[in-house]
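In what follows, every chain begins at residue 1, and chains take the letters A, B, ... in the order their sequences are listed. Predicted, not measured: the structure shown is a model, and the values here were computed from it.
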Number of protein chains: 2
Amino acid sequence: MTLAGQLHQMGTGKTTDAPASVHDIYERVVSAIIEHRLPPGTQLVEEKLAAVFGVGRSRIRTVLARLAHEKLVLLQRNRGAFVASPSVEQARHVFGARRLIEPGLARLIIERATQTDIGRLREHVAKEQAARTANDRRAIIRLSGEFHVLLGHIVGNTFVTEMLQELTSLTCLIIVLYDSPALPACPHNEHADIVNAVERRDGEAAARLMLKHLDHVESSLHLVDQDSREIDLEAVFNKA
Amino acid sequence: MTLAGQLHQMGTGKTTDAPASVHDIYERVVSAIIEHRLPPGTQLVEEKLAAVFGVGRSRIRTVLARLAHEKLVLLQRNRGAFVASPSVEQARHVFGARRLIEPGLARLIIERATQTDIGRLREHVAKEQAARTANDRRAIIRLSGEFHVLLGHIVGNTFVTEMLQELTSLTCLIIVLYDSPALPACPHNEHADIVNAVERRDGEAAARLMLKHLDHVESSLHLVDQDSREIDLEAVFNKA
DNA sequence: AGCTATCATATTGTAGACAATTTAGTCTGC
DNA sequence: GCAGACTAAATTGTCTACAATATGATAGCT
C-alpha cells in the first residue's frame, strides 16, 4: 500500500488546498501508528511524507522530532525515522511505569471524580463494549488506551495525563507486537469493575483492580524476544 | 549580563572551532536554566542563541523544541520561546505527579538495589552534605534533584527515569520561583533517611519517608499566586 | 570466488532566504 | 486627548538548496 493510502483518513475530505498544519500532520501520523496502518519498523522518509501532505520537509521534521520524544518513532542519526518497535525490555518498562502510576491514580480519582465524570467513564466503557461486540479490534485497542487517559483527565493533573498518553500509545504498539493471537487485549471488561469501585468510592478496591488489570494485560502478552526490532546480535552469536 | 555570559560554562574552553553540536547546546541551555542563570520568563531569541553558539537557527530550533517538550521552555506560536515559569497550579501538578511515582519507586528500589548502588547513594548524599556546609545554594538544588533521578537509574526503568528527570528539573525552577527565602530547600538531610531505609531493606519505610520528603519540600514553598508568569487578568479584574 | 576500494544513490543535517505574524510605535482626524 | 488605522521593526514559520553521511553496487585485484 502507498504511504498516502496508509495515512489517509476517511472523513477528512478537506477541499481547501491550504497546506496541512503541523498539528494535523502530527495527529494523522499518530493515529496511523496507533492503529498500525504504519506498522512498527516502518521507515518514515521525510521527503515522502512531505509530498504526501503537500508541505516542505521542515514541518515533517518537527512532527518527527515530537514523535521521537514521545518514543512513538525512533530517530537514528543520519539514517532516518522509524516507527517504534518496542523491545521486550521496553515493553516491561512501560508496564512497570504504569504499575507505578496508575494504581495510585485510581486511588486519587475517588476524591476527585464528580458524578458527571463517572457518567463519562460509564459512557466510555459502553463504547468499549460496543467495539468488543462488533469485534472491531482496532477500536478496542484504541479505546482501551483512552480509558486510562480519561482517568488522568479526571484527576486533572497535566503531567500525569501526558505521561499516560505516552504510555498508553506505546502500549498499543506493544500489544500489536506481542499479543498472543489467541485472545483479544482486554478479555473481560475490567474497566467496568474499576468504574464500579470508583462509584462506590472504594479507593483501595480501585487501586487493587487497576493493578490486577495491568498485570493481566501484561501477562496476556507473549513477551519474549522474537521478531522485535534491534535484535541483540551480541547475545545471539556470542557464546560468552 | 549578556546572553553569551549567561550561557558560558567554565571549564569548557574548547579551542577547536567546530560548531557546537545539538547535544552540547541542549546541555548548556539546560544547565543555564536549572542553575537559573537564565531566570524563568527570559525570552530565548533563536537568532541570538544561534549567534552565541556559532550555528544556524535550525539547530537552535531543535533544541528549543526539545526543551519545550520537557516543559523547561514555553513555546508561544509566532511569539517565541521563554524559559518556563511554572504557575502555582503547575507546581502542584508536578508535586502531585511525584507523589504518585516516587513512593512506589522507593518501595521498588528495595528489591533492585545492590550494595554498589547503595554505596553510590551514600556518595551522593555526602556530596549534598558538602554542598550544604559550603552553603552552595545552586549545587544544593541541583544535587537534590539528581538524587531522585539516581533512584530512577537504580530501578533501571528508562521511562520512569526520564519522567523523574523532567519532574526534578521543573522542581528546580519551582523552588527558585516559590522558595520562601527563610530556609533552604532540603533543610535536614531527608535523603539520608531514605537511603538508610533502603539499606535496611525496609520498603514501607522508604516509601513513607519519600512521601514525607515530597510533602515537606512542597509545604516549604510559598505556593500562592504572586509574581507567577501568566497572571490571570480575567480573574484579577472581572468581578464575576 | 572472495576481498577491498571506489563510486552511486538515497537520505538526513544545516544554513540561509523569504514569507507571515506579532508588537509597538506613529500619525491623523475628530 | 483619544480612538483607530497605518507603518515599521523584530521575530518566528517555512521552504529550498547544498553539504554531510550512510548504504549498497560495481569494478578490479589477488
Length of the [atom1]-[atom2] vector between [X] and [N], whole Å:
{"X": "A/I25", "N": "D/dT14", "atom1": "CD1", "atom2": "C1'", "answer": "11 Å"}
{"X": "B/F82", "N": "C/dT23", "atom1": "CZ", "atom2": "C1'", "answer": "11 Å"}
{"X": "A/L44", "N": "C/dT11", "atom1": "CG", "atom2": "P", "answer": "12 Å"}
{"X": "B/L74", "N": "D/dT12", "atom1": "CG", "atom2": "C1'", "answer": "15 Å"}

- Measure from the side-chain heavy atoms of B/R57 and tell me the nearest of C/dC18, C/dA15, D/dC18.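 Among C/dC18, C/dA15, D/dC18, the one nearest the side chain of B/R57 is C/dC18.
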- Task: Would you mind telling me which of C/dT11, C/dT14, D/dT12 lies closest to the side-chain atoms of A/K48?
- Result: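 Taking heavy atoms from C-beta onward, the closest nucleotide is C/dT11.
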- Of A/N78 and B/E46, whose nearest nucleotide on DNA chain D comes first from the 5' end?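 Checking each residue's closest nucleotide, the 5'-ward one belongs to B/E46.
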- Residue whose nearest DNA chain D nucleotide is more 5′ - A/R79 or B/R79: B/R79
- Side-chain N or O of A/R59 closer than 4.0 Å to phosphate OP1/OP2 of D/dC15: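 Yes.
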- Near-ring test A/H124/A/H191, centroid separation under 6.0 angstrom: no
- Query: B/Y26 ring centre to B/R66 NZ or CZ under 6.0 Å, with the angle to the axis within 45°?
  - Reply: yes
- Six-ring centre of B/F159, A/K71 cation under 6.0 angstrom, axis tolerance 45°: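 The answer is yes; both the distance and angle limits are met.
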- Is A/E218 salt-bridged to A/R92, going by a charged N under 4.0 Å from an acidic O?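 Yes.
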